Every structure is written in C-alpha cells, then in structure tokens.
Protein chains: 2
Amino acid sequence: MAMNRLDLNLLHVFETIYREGSLTRAARALHLTQPAVSHSLARLRAHFDDPLFIRQGNEMVATPLARRFADTMRPGLTQIQSAVNQFHSFDPVSQHKVFALGLRDILESTFLPHLMQSLDQYPEIEVVSQRIPRRDMETHLAAGKLDFAVDVLLPVSSQTSHELLRRDTLVVVAGPKFDGIENGLSLETYLAARHVLVSSRTEGPGIEDFELSRLGVHRRIALRCQHYYAACRVAEATDLLVTMPETYARMIIQQTSLRVLPLPTNMPPLNVHLYWHTPYEKEPALKWFRELLHQVAAH
Amino acid sequence: MAMNRLDLNLLHVFETIYREGSLTRAARALHLTQPAVSHSLARLRAHFDDPLFIRQGNEMVATPLARRFADTMRPGLTQIQSAVNQFHSFDPVSQHKVFALGLRDILESTFLPHLMQSLDQYPEIEVVSQRIPRRDMETHLAAGKLDFAVDVLLPVSSQTSHELLRRDTLVVVAGPKFDGIENGLSLETYLAARHVLVSSRTEGPGIEDFELSRLGVHRRIALRCQHYYAACRVAEATDLLVTMPETYARMIIQQTSLRVLPLPTNMPPLNVHLYWHTPYEKEPALKWFRELLHQVAAH
DNA sequence: GTAAACGATTAGAATAATTCAGTCGCGTAA
DNA sequence: TTACGCGACTGAATTATTCTAATCGTTTAC
C-alpha cells in the first residue's frame, strides 16, 4: 500500500515466529509453506534493518531488537485482535466475556437456574444479574452498563429494541386443605375463597384485582405479603389461594402438596420481554447471548 | 492470508474513511484512487456484515457499529504504529522523546550548552542529565534508565559499547601575575611555580602528579580545592598555576585575563567516551542521538 | 432540468504473495 | 570423517490480490 509503511499483517507472522522459535513450525501454525514465512521474515528484516531472528542450531533466536519490539507491540496487537473479534465473531468457548443482565424479582428465580446450567459448557462466560430501576433501564442499556434487561412489556424509545422472551399467565395455587375443586375451580368458588395478595407495596390492589373489578366482582383478601414463595407456604398449610405467574408457580410447587389450577376467568398474559440497545444489536457476543436466552426461556 | 482473519492493513483504511467522512477524500489522503478505497471498504463490510458507513448526501456517516469499533481499536492501532516507528525510524522533528544522559562534573558544563543549542531545532526532544555512580552505569544502561553515559575510558563488559567522543589533554592555566613565559613554559619554571590542586578528595595526589613522579620530579602545591572554576579564579588573582583539561580551560578563560599553556611534558590524553547498552544500539532514536552527540563533541 | 460531485461496480493491468525446486549450512549418528 | 536429516535461504514460476481506468447510479447545487 503506502511506501515505507509496514504491512501490519506481517506482525502476525512476526509474533508466530517469535512464539514458535522456528520458521517451519510458524509456517505450520499459519497454514503456509516455510518459504512463504521466510519471505515474510525477509520483508520484516528489510524494514527494520535487523536480522530479527538468528539461527542457532535448529532454533531461531530473537535478536535484542526483536525481543524489545515484541514486548512493545504485543499489547497493541492483542487489543486490536480483541476489538476485531468483538465486532466480527464471538466464540463463547474460548473468549472471556461478562454479560450484565437486568432481572427483577422472581425473574431471577425463573431464569438464572436454567441459564447457569446452559453456561456450564462455557467456563469463560460470566453473568452479572442486576436489579435496575425501570426508569434507568434505557440509559443503562445505551451506556453499556447493562447488556440486556428482562421485564414485562414496557413503553420504550426507538433506541431500545425488544422481543418476546416467554409467555406467562396467571394461575391459582391451592393447598391440600382447599376443597371443592374436583370439577375444576369455578369463578364462584374462587370469589368465595380467601386469598393471599402478593405485592411489594403495603396497600392497593394486585394486578388480578384490576381485571376482576372490570368484571364487577372482587375477591376476599385474607393476607397480604411480599413474596410468592411465602404465599405458597401459607397456601400449603391453609385453605387460602394464591394467584401468581404460572412459570414460578410450577417451580415452587415441585415436591409439595400444592396444586396449580387455571384461573376461572380470562386474564391478559404476563409476557416477559428481552430489551437491548438497538445500535449494539449486531455485536456478535450480544447476538449469541440473545440466542442463548431464547433457548433458556423455551424450557 | 488466513481465511476469516481480517487484513490488518484495512484498519488504516477504515480509520482514514472515519476521519475524512468521504471515500474520495480518504483516497486522496492514502494516495490511492477512490475505487481502491471502495474495494477495501467492501472487504471490511463483508467481514463485519455491516455497512459501516452510510451515504447521507455527500457524507459517509458511520454506523453505530463502526463508531463503537473505531473507539475500541484506536488505542491499539496507535500503540502498534508507535512501536513500529520506534524500531524503524525516528523523526526528531515530530516525535517526542526524552533522552537520559549520564554526565559527570565538568562534562555537564562542556557538553550541555552546545547540546541544547543543537536541540533548538527539535522542540519535541527533551534531555535529562543525571549523575550516576560509576559502578551503576552499566545496569542503568541495560535497564533503560540511562540511554547514554559520557565518561573517561572505563572498563566495561561486552554488553556495553563505547566509542571515543572527544579527545582532551591537560593544559596549564596561568593568570597575568605569572611571569617568565614569553618563550613558553619550561618544565623548570612549571616545577618552580606554586600550584592549585583540584580534587574532590581531601588528600592524595592529582592525576598529573602521578605522571610527574614517574619522571622523578614533583611540583609545589600551594592550594587544594574542589572545583576548576574556583581554581581558575585564584590563578587569575595570583601567580598560582592550575593544571586541568583543555576543553574546560578554554571555556572558563573566555573574557578573563587567564592564559592556556601547553603542559611542558607529555601526559596521557584525557579522552571522553560515549557508553550505551549494546543490544539497544540499533534503535533509531538512539542512533540519531548518538550522531548528534558526535556533532556536538566536534565543536 | 442540467452540471457537478460522489460512491459503487466492472474489467483488465499491475503488483504482491505464495509455492515449487534447489542449494547451503548445521547437527548428529555411524 | 562421512553420510544423512533437518531447516533456512534464494530464485523462478504460479497464483492471488490490489489497484486503476472507465462507466454507471445517486445526490446535491444552481
């Protein structure tokens, strides 16, 4: 290309010779013939006006200039190769990468176990799960502080993309002390029963109560608590009912005497979406992780 | 070269397009035609599977991926170019460089004025003069803490190179009160005179006294002091003689009534040598500075 | 609407990189 | 000491890549 400017591709040849200490082995590593490597070395020698490697027996020993040059340029070459790889391809098996994921509340419980199981085969991959306030989600994604966020459908700007990750619905969890459901749970039975309302707020209706009030009915709240797990333990020991997302319900009732029942009336779905900063969406590592999350969500 | 490995020379093309925001201007900057740059960009686009630059009117606007890639790889590219330049060529006019020079005693006075005058035309060059114990000279040169040392002939290992920088001899400095030298200074007159001995030690003979004792003679020391400058001020005000290196003598007597006379007997020369760490001697910046020092010493 | 500026594409020329074939130097074993 | 194997170097031939000239399509300015 330009006169007097070193062909930067020769740096890779230099580095390989340096590492292998032999032109023949370097040629093998580069998938070239030995004379090709010899010619490349000749070009480097001409450029630096130094033999760079001196043959001693069957080893090519680096000259002081070669050694010093190798130490000086290596960090830059490593950094460039890393940058090129970041935007060209991502190999999760060999490349270290930390993914920052915004997960709220029960989504940690429903996603992280399967996700970490999937990452067993990728020991270089690390995941950091953070809870970010909803109002900060987009700025954190744009700034790269978060790679992805997982949440219900939220209004976002055109700078943030999202797609459906998993469908979820509300179901009813009942313990063995709750009777009268041999033919399924009717709306009358549901409304006559006493309920546990799960909310991090100390007052106000739950999401399901909004829908019931649209039907002109309301249920009887006997207990208000903050965590679905605690609510299920209560339902198991009493005849109170818990209305909650199905995915989490099925996780919790395992090896308990609790049952999952369909809600006796239609409720809008609780769909979980994956969010990311649109301009970054072509980055190979992020694309790979996105696919992985879809696989995990399909469990 | 290798499949799937980016031609690193394309990075320079990328960077130029990014900076110029136009293929035509980038081509001009790279001394290529516009289609050559277009081809290179096509290769980059294929590699990253991204347009990288989108034409908006007559500007090529970088895509988000291109922007992020530019920011990521720029430090590495800068570092590599710097490393390559360090070992290929050195341009003292435009490249910043600090040279560490080991100078003892009067050598600072005799070298630094002319050296700094020569460096007037190289504003990017900085010089640090350090006094290093003689026993530490070689380790400091090897470690790169010193680029060069200037001293009389010393015994050094094969890892340290040296070459003659300047020849010097001992001369006699006399003030206007000293008589009887119309036909030159004879050995008898020299021995009959009173002398100033300059030494940082509080006792013991000077170097010239070793040579005189080999002739079976000795001179009369009337004063012992530590600096040649002070000794010369004494000679100017009295009829005492000072025996000292010629280069410094000629510097000091300027615009005084002092005279420089040949020593009336042969003494071995006081040659000043330049020392450096042999393995580094091919580095272009050090080569350049070495040449400069020779020019300065030839003054 | 026209001319100029600019990027993309095609075809061919020029240049660079790689391979092939052969020679030379070094180290080791017989 | 000789023969052999290994590996680097060199030059010619071949292949691949890059660059240029020309042209086409798009955009901008007047």
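Owing to the predicted nature of the structure, the values given are computational and were not obtained by experimental measurement. The chains referred to below are lettered A, B, ... by the order of the sequence lines, with proteins before strands, and numbering in each begins at 1.
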How sharply is the helix from C:dG1-D:dC30 to C:dA30-D:dT1 bent, taking the axes over five pairs at either end and rounding to 10 degrees?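 Its terminal axes enclose an angle near 30°.
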
The test is salt bridge (Lys or Arg N to Asp or Glu O under 4.0 Å); show your working for A:R45 and A:D50 and say whether it passes. CA-CA 5 Å; A:R45 281 167 166 166; A:D50 186 83; over 6 Å; no

Under the 3.5 Å rule, do the base of [N] and the side chain of [X] count as making a donor-acceptor pair?
{"X": "A:H39", "N": "C:dT19", "value": "yes"}
{"X": "B:R55", "N": "C:dC6", "value": "yes"}
{"X": "A:Q34", "N": "D:dC9", "value": "yes"}

How many whole angstroms separate atom [atom1] of [X] from atom [atom2] of [N]?
{"X": "B:I54", "N": "D:dT26", "atom1": "CD1", "atom2": "P", "result": "16 Å"}
{"X": "B:R43", "N": "D:dT17", "atom1": "CZ", "atom2": "P", "result": "8 Å"}
{"X": "A:N58", "N": "C:dA29", "atom1": "CG", "atom2": "P", "result": "13 Å"}
{"X": "B:F53", "N": "C:dG7", "atom1": "CZ", "atom2": "P", "result": "11 Å"}
{"X": "B:L32", "N": "C:dT15", "atom1": "CG", "atom2": "P", "result": "14 Å"}
{"X": "B:L8", "N": "D:dT18", "atom1": "CG", "atom2": "P", "result": "13 Å"}
{"X": "A:E59", "N": "C:dC26", "atom1": "CD", "atom2": "C1'", "result": "13 Å"}
{"X": "A:L23", "N": "C:dG25", "atom1": "CG", "atom2": "P", "result": "17 Å"}

Relative to the 5' end of DNA chain C, which residue comes earlier, A:Q56 or A:P35, by the nucleotide with the nearest heavy atom?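 Its nearest nucleotide being more 5', the pick is A:P35.
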
At under 4.0 Å, does any side-chain N or O of [X] touch on OP1 or OP2 of [N]?
{"X": "B:T24", "N": "C:dG7", "answer": "yes"}
{"X": "A:T33", "N": "C:dC20", "answer": "no"}
{"X": "A:S22", "N": "D:dA8", "answer": "yes"}
{"X": "A:S38", "N": "D:dA8", "answer": "no"}

Against the six-membered ring of A:F99, is A:K97 placed for a cation-pi contact (under 6.0 Å from the centre, within 45° of the normal)? yes

Assess A:R68 against B:F87: is NZ or CZ under 6.0 Å from the centre of the six-membered ring, and within 45 degrees of the ring's axis?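 Not flagged: A:R68 not positioned over aromatic ring of B:F87.
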
Using 30° and 60° as the class limits, which term best fits the ring planes of A:F69 and A:F48: parallel, tilted or perpendicular?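 Aromatic pair A:F69/A:F48 classed tilted.
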
Between B:N271 and B:D168, does any side-chain donor sit less than 3.5 Å from a side-chain acceptor? no

Kindly say whether B:L154 contributes a backbone atom to a donor-acceptor pair with the side chain of B:Y275 at under 3.5 angstrom? yes

Heavy-atom check, side chain of B:V156 versus side chain of B:M137, under 4.5 Å: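 Yes, at least one pair of side-chain atoms sits under 4.5 Å.
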
If you look at every strand shown and take non-hydrogen atoms under 4.0 Å, does B:R25 touch a base, only sugar-phosphate, or nothing? nothing

